[in-house]
Amino acid sequence: MKPFVTGSLLLTLVTAAACAPETAPADAAPAPQGQGTPLVLADTTLPIPIAVSAVAQPVQTATLSTKVMGAVTAVLVQAGDRVSAGQPLLRLDARDLSAKRVQVEASIAAAEAMQREAELMAGRMRALYADSAAPKAQLDAAEAGLARATAGLRAARAGLDELSAIESYATITAPFSGVVTQRFVDVGALAAPGAPLLTVEDHSRLRVSATTTADVAKGLRSGTTLDATIEGVTVPATVEGVAPAPGRSLTVINAMVSNRDGALVPGGVATLAVPGTAQRVLLVPEAAIRREGDLTGVTLRGSNGDVTRWITVGRPVGAQREVLSGLRAGETVLIPTGAPSVSPATTSAGN
């Protein structure tokens, strides 16, 4: 009987194992429900951005020159120096202008003396004519002399104003606050009218210009906010205007970017993200995402408790992330307590 009992027991164990229900695969070991706000995910419709190649340049750039000819006596800045509006940058030899000023001031003094003399003469003639002691012709001559003297004084003073304007070209100043990016001359060089001396750029604001087709730029309006990427740094850009490219069947999109901290490189490689064709995507709040090394996951709430689901995410959309794989619409994720909450209406917008 002993072998029979042992065989019966073995048969019973095999039968019980065969009839036991299969265990369903799990995302991870079930855990008790944690503290947080559950959020049911839903598809949303978003435009797929089109990255258009662009160039980012300073809004204000000035290449400075002079209207006078003279030797450079001082260059007060170097390339890369930051300057303030009105700051002297370069000086020219203006000794000939100083001599000219002496001459002009002397001519003004002579004109003032002539004008005073003409006023006295005109006053005497008026009195004599009133007493019938002088003919009308002498009064007219005195009045004409006074008019000529007054006109001569105005001309002399205008010459001084003109000289002062010319003298101002002997000292080159910064037209606005910015950075000296180029220096074309050194001390001793001869500066000619119109020849470039220095270049100053204002890097606090950049204009991102992208050339694309009219279909891509269609619908863009002044004031629209886009994403601009300059040398790998993504920043918001405000559309300044959209206009046809000169002589071509293309369109230029100009957008303004603030760069007050100087983090962006003018003239660097840039792209402008223009909204394209709409596509249905799934978004998950950034607050619900957990990162462990190279892994990105969320806490998924199910009927048996909370589990960790590892997912793949894509581009940011405000305070959310696009889900590339690992989640489906209708599933519930948990936003931990204390994290910024996102309403289901925000996630499901566009349905």
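Note that the structure is a prediction, hence the values are computed from the model and not measured.
Qualifying side chain to side chain contact (heavy atoms under 4.5 Å, CB included) partners for Thr199, counting only residues two or more places apart in sequence or in other chains: Thr61, Thr63, Thr181, Gln182, Phe184, Glu201. Looking at residues two or more places apart in sequence or on another chain, you find a side chain to side chain contact (heavy atoms under 4.5 Å, CB included) between Ser107 and Val104, Ala156.
Cluster partners of Tyr129 are Met121, Met125, Leu128, Leu139, counting Ile, Leu, Val, Met, Phe, Trp and Tyr whose side-chain heavy atoms approach within less than 4.5 Å, directly or via other members. Here Val52 is tied into one hydrophobic group with Ile50, Leu206, Val208, Val216, Leu220, Leu226, Ile230, Val233, Val235, Val239, Val242, Ile253, Val257, Leu264, Leu272, Val274, each link being a pair of ILVMFWY side chains closer than 4.5 Å. Cluster partners of Leu250: none. The rule joins Ile, Leu, Val, Met, Phe, Trp and Tyr whenever side-chain heavy atoms lie under 4.5 Å apart, and it links nothing here.
Between the side chain of Thr73 and the backbone N or O of Arg91 there is at least one donor-acceptor pair closer than 3.5 Å. Between the side chain of Ser177 and the backbone N or O of Ser84, no donor-acceptor pair lies under 3.5 Å. At distances below 3.5 Å, at least one donor-acceptor pair connects side-chain atoms of Asn259 with backbone N or O atoms of His203. Checked by atom type and distance alone, the side chain of Glu240 never pairs as donor or acceptor with a backbone atom of Ala255 at under 3.5 Å.
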Walk me through whether Leu282 and Arg328 qualify under side chain to side chain contact (heavy atoms under 4.5 Å, CB included). CA-CA 8 Å; Leu282 186 66; Arg328 298 187 303 273; 5.5 Å; no
Just do the side chain to side chain contact (heavy atoms under 4.5 Å, CB included) check on Val281 and Thr44 with the steps written out, would you? CA-CA 5 Å; Val281 298; Thr44 186; 3.8 Å; yes
Worked check of side chain to side chain contact (heavy atoms under 4.5 Å, CB included) between Leu197 and Val75: CA-CA 10 Å; Leu197 302 174; Val75 181; over 6 Å; no
Tell me, with the steps shown, if Arg321 and Glu286 meet side chain to side chain contact (heavy atoms under 4.5 Å, CB included). CA-CA 6 Å; Arg321 281 269 178 181; Glu286 288 275 9; 2.7 Å; yes
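In this structure, Thr211 OG1 and Asn254 CG are separated by 8.5 Å, a value rounded to the nearest 0.5 Å. Put simply, CZ on Arg205 and CD on Gln60 are 7.0 Å apart, with the number rounded to the nearest 0.5 Å. Interatomic distance, CD of Gln115 versus CG of Leu120, reported as 10.0 Å (0.5 Å rounding). In this structure, CZ on Arg301 lies 14.0 Å from CD on Glu331, to the nearest 0.5 angstrom. Here the CD1 atom belonging to Ile311 is positioned 4.5 Å from the CG atom belonging to Leu327, to the nearest 0.5 angstrom. A distance of 11.5 Å separates OG1 of Thr299 from CZ of Arg309, quoted to the nearest 0.5 Å.
A heavy-atom distance below 4.5 Å is found between the side chains of Val333 and Leu300. Within the 4.5 Å cutoff, no side-chain heavy atoms of Leu41 are placed close to those of Thr332. At least one side-chain heavy atom of Pro285 sits less than 4.5 Å from a side-chain heavy atom of Leu39. The closest side-chain heavy-atom distance from Val55 to Arg207 is not below 4.5 Å.
Hydrophobic cluster membership is shared by Leu92 and Leu64, with clusters built from Ile, Leu, Val, Met, Phe, Trp and Tyr side chains linked at under 4.5 angstrom. There is a path of hydrophobic side-chain contacts, each under 4.5 Å, that joins Val68 to Leu198. A continuous path of Ile, Leu, Val, Met, Phe, Trp and Tyr side chains, each step under 4.5 Å between heavy atoms, connects Val180 with Val187, placing both in one hydrophobic cluster. Leu153 and Leu146 end up in different hydrophobic clusters when Ile, Leu, Val, Met, Phe, Trp and Tyr side chains are linked at under 4.5 Å. Residue Val83 is not grouped with residue Val59 when hydrophobic side chains (ILVMFWY) are merged at heavy-atom distances under 4.5 angstrom, including chains of intermediate members.
In this structure, a donor-acceptor pair under 3.5 Å is present between the side chains of Arg290 and Thr308.
Taking all atoms of both residues into account, the shortest heavy-atom contact from Arg280 to Thr45 is NH1-OG1, 3.5 Å. Val185 and Pro196 get closest at one heavy-atom pair: CG1-O, 4.4 Å. Nearest heavy atoms, Thr173 versus Pro88: CG2-CA, 4.0 Å. When every heavy atom of Pro336 is checked against every heavy atom of Ala287, the shortest pair comes out as CD-O, 3.4 Å. The shortest heavy-atom contact between Pro38 and Leu334 is N-CD1, 3.9 Å. Ser65 and Ala195 make their closest contact through CB-O, 3.1 Å (heavy atoms, listed as atom of the first residue, atom of the second, distance).
Within a 6.0 Å sphere centred on CE of Met256, heavy atoms belonging to other residues, nucleotides or ligands number more than 12. No more than 12 heavy atoms of other residues, nucleotides or ligands shown are found within 6.0 angstrom of CD on Glu117.
No option in Leu76, Val77, Val72, Thr171 other than Val72 meets the side chain to side chain contact (heavy atoms under 4.5 Å, CB included) test with Leu90.
Residue pairs that meet the side-chain hydrogen bond (donor to acceptor under 3.5 Å, both in side chains) test with at least one member in residues 214-226, sequence neighbours left out, do not exist here.
Checked for salt-bridge contact, Glu112 and Arg157 meet the test: a charged N lies under 4.0 Å from a carboxylate O.
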